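Remember, it's a predicted structure, so these values are computed and weren't measured experimentally. Whatever order the structure lists them in is the order used to number ligands and atoms, beginning at 1.
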Amino acid sequence: MAAFPPSPRSENISGEKNGSDLIQKTDEIHRETLLNLPTGKGWMTEHLVQYQGFWFSPNGLKNLMWLHDHFNPRPTDIFLASFPKTGTTWLKALVFATVNRTRHGFSDHPLLTNNPHVCFPFLDAYLHEKDPSFLDHDGSPTPRLLSTHAPYALLPDSMTANRRCKFVYIYRDPKDVLVSKWHFLRKLRPQELPPLSLEEAFELFCRGISHNGPFWDHVLGYWKASLELPEKILFLKYEDLKKEPFVAVKRIGEFLGFPFSLEEEREGVVENIVKLCSFENLSSLEVNRTSIHNFSTDILVDNRHFFRKGIVGDSKNYLTAEMMKRLDEITSHKLSGSGLLFHNS
Ligand code: PAP
């Protein structure tokens with residue numbers, strides 16, 4: 001599917017060396033698209049823009065355009081896809097630890113001194129500021145682990161049509177997603193903008209005006225693709241990971257082509273991964289309590305903000321019964337007939 005208007009950028013600029021030239025030219029090419037889009041109220045920026053039914057921050061959409069223009073997936077790439085605040089940080093840690101378990105010992109593991117977002121970079125938060133060739137020359141071991149919040153329908157064909165690249169997707173009860181997102185973005189919202197109340201955030205979320213939203217369309221896009229391509233997309237639920245993390249880790253290993261041997265299971269390797277990546281462990285590490293993650297020049301996040309409570313059902317402490325009911329109704333309506341359920345039990 002052609003998600004973005006064709007542009008001559010790849011042919012014209014691929015030979016140029018200077019990253020800022022590349023950025024400027026891509027900006028010029030896409031400026032018209034960006035200027036003419038519908039806008040809605042932003043959570044962290046003044047507004048979000050709507051493109052092909054989905055909402056993005058203006059820079060978020062530019063990043064997606066960059067992905068289309070410059071990203072060359074490798075057949076061995078592993079992508080983690082998610083709607084924001086559905087468990088990305090946790091799943092990054094679990095996948096990184098699973099795939100690289102023969103490279104790193106548990107006593108001096110990279111996840112003990114690096115936030116999971118460092119070990120497993122975001123595609124969408126880097127490209128528009130950098131010479132994209134950094135992805136091809138970063139020396140990262142195979143398989144590359146890369147993540148995206150982009151909706152499935154707007155990913156470049158090179159990522160979706162390549163049968164060998166694998167995706168792991170995580171979803172979560174939207175009531176908890178909304179509350180998690182509101183807490184998180186409230187901390188990142190610039191002081192120049194008036195605060196965003198939970199009631200306002202709720203209305204925006206229900207109307208789908210949320211980064212990479214509507215939430216339900218995002219989930220359904222990956223859900224349908226996972227039904228069509230079960231060997232390419234593993235569909236996971238945050239609540240299931242909380243309930244049975246050992247089962248989830250074994251499934252992840254099997255799906256990605258790194259199955260756990262009986263010997264590894266006997267030696268407790270799965271347990272060690274689950275323990276290493278647990279909320280209690282990750283959130284107590286020095287790096288996740290005191291350091292800052294630099295996604296781009298305009299997005300700096302205290303690592304501790306990625307670890308709030310990490311529990312199921314916290315939304316009931318913030319949303320009224322009426323709000324919960326309305327969100328549940330939207331969810332049942334949107335997902336009816338899809339075969340996807342959101343029960344937490
Ligand atoms: P992102 O989109 O900004 O990367 P993401 O990691 O998807 O955020 O979601 C953050 C949520 O996952 C937080 O949920 P909460 O606000 O309801 O608490 C965060 O606490 C939770 N989380 C982070 N790490 C873990 C973990 N190891 N286990 C369980 N939940 C976790």
Side-chain angles (χ1 to χ4, degrees), residues 43-44 56-57 60 63 79-98 109 111-112 114-126 145-151 168-189 198 201 205 210-213 215 218-219 222 236-246 248-249 252 272-285 287-289 292-296 299-319 344:
W43 295 61
M44 202 179 98
F56 303 92
S57 66
N63 275 311
F79 300 113
L80 188 160
S82 59
F83 189 85
K85 312 321 288 179
T86 52
T88 318
T89 312
W90 185 19
L91 189 57
K92 280 186 176 188
L94 290 171
V95 172
F96 179 87
T98 299
H109 200 279
L111 284 168
L112 295 172
N114 295 278
N115 178 267
H117 293 291
V118 170
C119 301
F120 205 133
F122 263 115
L123 277 174
D124 350 356
Y126 284 75
L145 303 178
L146 299 164
S147 77
T148 180
H149 283 321
V168 182
Y169 184 80
I170 186 160
Y171 78 110
R172 184 184 187 187
D173 184 328
K175 302 190 291 300
D176 287 348
V177 173
L178 160 66
V179 166
S180 181
K181 183 179 159 84
W182 177 69
H183 278 289
F184 182 72
L185 292 188
R186 198 155 80 109
K187 291 166 194 144
L188 301 193
R189 195 170 161 88
L198 180 56
F205 192 87
S210 177
H211 305 85
N212 301 278
F215 168 82
H218 196 282
V219 174
Y222 282 93
L236 298 169
K237 182 172 159 186
Y238 180 89
E239 292 77 8
D240 291 342
L241 259 70
K242 288 292 291 187
K243 211 184 326 168
E244 295 188 305
F246 305 102
V249 169
I252 291 167
N272 283 336
I273 290 176
V274 169
K275 247 191 258 166
L276 171 71
C277 303
S278 69
F279 182 88
E280 293 68 28
N281 187 47
L282 292 184
S283 61
S284 67
L285 297 171
V287 63
N288 293 326
R289 284 191 294 117
I292 290 176
H293 186 65
N294 181 342
F295 282 113
S296 61
I299 308 184
L300 304 177
V301 183
D302 282 4
N303 285 343
R304 67 195 156 90
H305 295 332
F306 293 110
F307 307 92
R308 192 180 63 92
K309 288 190 182 169
I311 58 173
V312 172
D314 185 48
S315 48
K316 67 177 180 304
N317 299 315
Y318 296 90
L319 303 179
N344 285 341

Could you work out, with ring-ring contact (aromatic ring centres under 6.0 Å, His included) as the rule, every residue matching Phe184, not counting sequence neighbours? Phe306
Taking NZ, NE, NH1 and NH2 as the nitrogens, is one of them in Asp302 or Lys187 under 4.0 Å from a carboxylate oxygen of the other? no
Of Tyr171, Tyr169, Phe56, the residue whose pairing with His218 passes ring pair (Phe, Tyr, Trp, His ring centres under 6.0 Å): Tyr169
Regarding His117 and Thr89, is there a side-chain donor-to-acceptor distance under 3.5 Å anywhere? yes
Once you restrict both partners to nitrogen or oxygen, which atoms of ligand 1 have a protein partner under 3.5 Å, and how far apart are they?
{"from": "ligand 1", "atom 1": "2 (O)", "to": "Lys85", "atom 2": "N", "distance (Å)": "2.9"}
{"from": "ligand 1", "atom 1": "2 (O)", "to": "His149", "atom 2": "NE2", "distance (Å)": "3.4"}
{"from": "ligand 1", "atom 1": "3 (O)", "to": "Lys85", "atom 2": "NZ", "distance (Å)": "2.9"}
{"from": "ligand 1", "atom 1": "6 (O)", "to": "Thr88", "atom 2": "N", "distance (Å)": "3.3"}
{"from": "ligand 1", "atom 1": "6 (O)", "to": "Thr89", "atom 2": "N", "distance (Å)": "2.8"}
{"from": "ligand 1", "atom 1": "6 (O)", "to": "Thr89", "atom 2": "OG1", "distance (Å)": "2.5"}
{"from": "ligand 1", "atom 1": "7 (O)", "to": "Lys85", "atom 2": "N", "distance (Å)": "3.2"}
{"from": "ligand 1", "atom 1": "7 (O)", "to": "Thr86", "atom 2": "N", "distance (Å)": "3.1"}
{"from": "ligand 1", "atom 1": "7 (O)", "to": "Gly87", "atom 2": "N", "distance (Å)": "2.9"}
{"from": "ligand 1", "atom 1": "7 (O)", "to": "Thr88", "atom 2": "N", "distance (Å)": "2.7"}
{"from": "ligand 1", "atom 1": "7 (O)", "to": "Thr88", "atom 2": "OG1", "distance (Å)": "2.6"}
{"from": "ligand 1", "atom 1": "8 (O)", "to": "Lys85", "atom 2": "NZ", "distance (Å)": "3.0"}
{"from": "ligand 1", "atom 1": "14 (O)", "to": "Arg172", "atom 2": "NH1", "distance (Å)": "3.3"}
{"from": "ligand 1", "atom 1": "14 (O)", "to": "Ser180", "atom 2": "OG", "distance (Å)": "3.4"}
{"from": "ligand 1", "atom 1": "16 (O)", "to": "Ser180", "atom 2": "OG", "distance (Å)": "2.7"}
{"from": "ligand 1", "atom 1": "16 (O)", "to": "Arg308", "atom 2": "NE", "distance (Å)": "2.7"}
{"from": "ligand 1", "atom 1": "16 (O)", "to": "Arg308", "atom 2": "NH2", "distance (Å)": "3.4"}
{"from": "ligand 1", "atom 1": "17 (O)", "to": "Arg172", "atom 2": "NH2", "distance (Å)": "2.9"}
{"from": "ligand 1", "atom 1": "17 (O)", "to": "Arg308", "atom 2": "NH2", "distance (Å)": "3.3"}
{"from": "ligand 1", "atom 1": "18 (O)", "to": "Lys309", "atom 2": "N", "distance (Å)": "2.7"}
{"from": "ligand 1", "atom 1": "18 (O)", "to": "Gly310", "atom 2": "N", "distance (Å)": "2.7"}
{"from": "ligand 1", "atom 1": "20 (O)", "to": "Arg308", "atom 2": "N", "distance (Å)": "3.0"}
{"from": "ligand 1", "atom 1": "20 (O)", "to": "Gly310", "atom 2": "N", "distance (Å)": "3.3"}
{"from": "ligand 1", "atom 1": "27 (N)", "to": "Cys277", "atom 2": "O", "distance (Å)": "2.9"}
{"from": "ligand 1", "atom 1": "27 (N)", "to": "Phe279", "atom 2": "N", "distance (Å)": "3.3"}
{"from": "ligand 1", "atom 1": "30 (N)", "to": "Tyr238", "atom 2": "OH", "distance (Å)": "2.7"}

All side-chain contact (heavy atoms from CB on, under 4.5 Å) counterparts of Val287, not counting sequence neighbours: Leu285, Ser291, Asn303
Ala248: partners by side-chain contact (heavy atoms from CB on, under 4.5 Å), with sequence neighbours left out: Leu241
